[in-house]
Amino acid sequence: MRTRVRGWRWRRNPLRRRSDVVEAWTALAVAVLMFVGAPLAGALAGLWAHEGVAAVAAAQRAERHRVRAEVIGEAPVRLPSVGDRQAYRTTVRWAEPGKGTRTASARVPAGARQGDVVDVWFDSRGRGVAPPPDDVAVWQHTVSVGVFVAGGAAAVLLLGHGIARHVSLRHRMDEWEREWARTGPDWTRRRA
């Protein structure tokens, strides 16, 4: 039966080595950083990413405009595949007040057929572009960046802790070797 003594590395003890104290303080620092530092780093990175992506989304919303247009081109000919829901480019037609009917090539949703009315997006030069990111996409990017930064920080902390434990173990073994070299002859000398 094995007895476990809590906190033995913190108390004054003749069996406690310097490497034990270093390992105990390292474990405490890693625990605090894992539960406070890594989430904080993730939150700060997420907020930084949110500001950047929100600014890009706002700029794209200001530059791009949506038009209700009729699909007049044919869907591309290709073999159907499972889960193939990609938008494709085709010719669309719409009427602008005061400018008459216009046609252009634009991205339309998968499944749109000739004669369907769809929403298409154009930039300031009149090129068909993807719609600007909405608030959901901005928050998805924010959360993704925050989670990956927090996970990366935690991985770096655990790697550093593993390296510190390895170095501490080597120092502990060296300390024990030195102690044994000093006390070992008293235990192993031959008695006549």
Side-chain angles (χ1 to χ4, degrees), residues 26-27 29-166:
T26 303
V30 166
V32 167
L33 289 173
M34 283 287 289
F35 293 111
V36 176
L40 184 62
L44 291 176
L47 289 175
W48 173 77
H50 184 273
E51 289 176 5
V53 173
V56 168
Q60 286 182 356
R61 282 188 208 110
E63 177 193 7
R64 299 174 182 185
H65 61 281
R66 181 176 53 173
V67 174
R68 296 283 294 165
E70 178 186 0
V71 178
I72 59 174
E74 294 288 329
V77 178
R78 60 182 168 180
L79 295 172
S81 64
V82 176
D84 190 15
R85 303 294 302 162
Q86 297 296 320
Y88 61 91
R89 294 188 83 72
T90 190
T91 307
V92 296
R93 176 178 53 212
W94 72 98
E96 284 188 10
K99 295 186 180 178
T101 304
R102 296 188 56 190
T103 59
S105 176
R107 291 169 50 114
V108 297
R113 297 202 159 94
Q114 193 171 14
D116 289 350
V117 177
V118 296
D119 289 331
V120 292
W121 289 83
F122 293 99
D123 63 5
S124 58
R125 297 183 214 160
R127 295 180 299 183
V129 293
D134 58 354
D135 289 337
V136 172
V138 170
W139 279 106
Q140 284 175 338
H141 182 76
T142 299
V143 170
S144 297
V145 168
V147 166
F148 283 120
V149 167
V156 168
L157 282 170
L158 291 175
L159 178 66
H161 181 63
I163 291 170
R165 282 190 59 138
H166 179 72

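Keep in mind it's a predicted model, so treat the numbers as computed, not measured. Only this structure's heavy atoms are used, side chains among them; waters, hydrogens and symmetry mates stay out.
Looking at V138 and H50, their side chains come closer than 4.5 Å, going by heavy atoms from C-beta outward. Side-chain contact check for M34 versus L158: some heavy-atom pair is nearer than 4.5 Å. In this structure the side chain of P133 reaches within 4.5 angstrom of the side chain of Q60, judged on heavy atoms. R93 is listed as a side-chain neighbour of T101, based on a closest heavy-atom distance under 4.5 Å. V118 is listed as a side-chain neighbour of V71, based on a closest heavy-atom distance under 4.5 Å. Put simply, the side chain of W94 reaches to within 4.5 Å of the side chain of R102, judged on heavy atoms.
Put simply, the side chain of T90 gets close to the backbone of E74: a donor and an acceptor are under 3.5 Å apart. For Q114 (side chain) and G73 (main-chain N/O), no donor-acceptor pair under 3.5 Å exists by modelled atom type.
Scanning all heavy atoms of the two residues, the minimum distance from A69 to V120 falls at CB-CG2, 3.9 Å. Summarising the geometry of T103 relative to I72, their closest heavy-atom pair is CG2-CD1, 4.0 Å, with the distance given to 0.1 Å. Taking both residues in full, the closest heavy atoms of G111 and D116 are given as O-OD2, 4.1 Å, listed atom of the first, atom of the second, then distance. Minimum interatomic distance between A38 and A154 (heavy atoms only, all atoms of both residues): CB-N, 4.2 Å. The nearest pair of heavy atoms linking G126 to F122 is O-CD2, 3.4 Å.
A 6.0 Å sphere centred on CZ of R89 holds more than 12 heavy atoms belonging to other residues, nucleotides or ligands. More than 12 heavy-atom neighbours from other residues, nucleotides or ligands sit within 6.0 angstrom of CZ on R61.
Under a 4.0 Å N-O distance rule, the pair R64/D119 does not qualify as a salt bridge.
Here the straight-line distance linking atom CH2 of W121 with atom NE2 of H65 works out to 9.5 Å at 0.5 Å rounding. Annotation: the span from L33 atom CG to T26 atom OG1 amounts to 11.0 Å, rounded to 0.5 Å.
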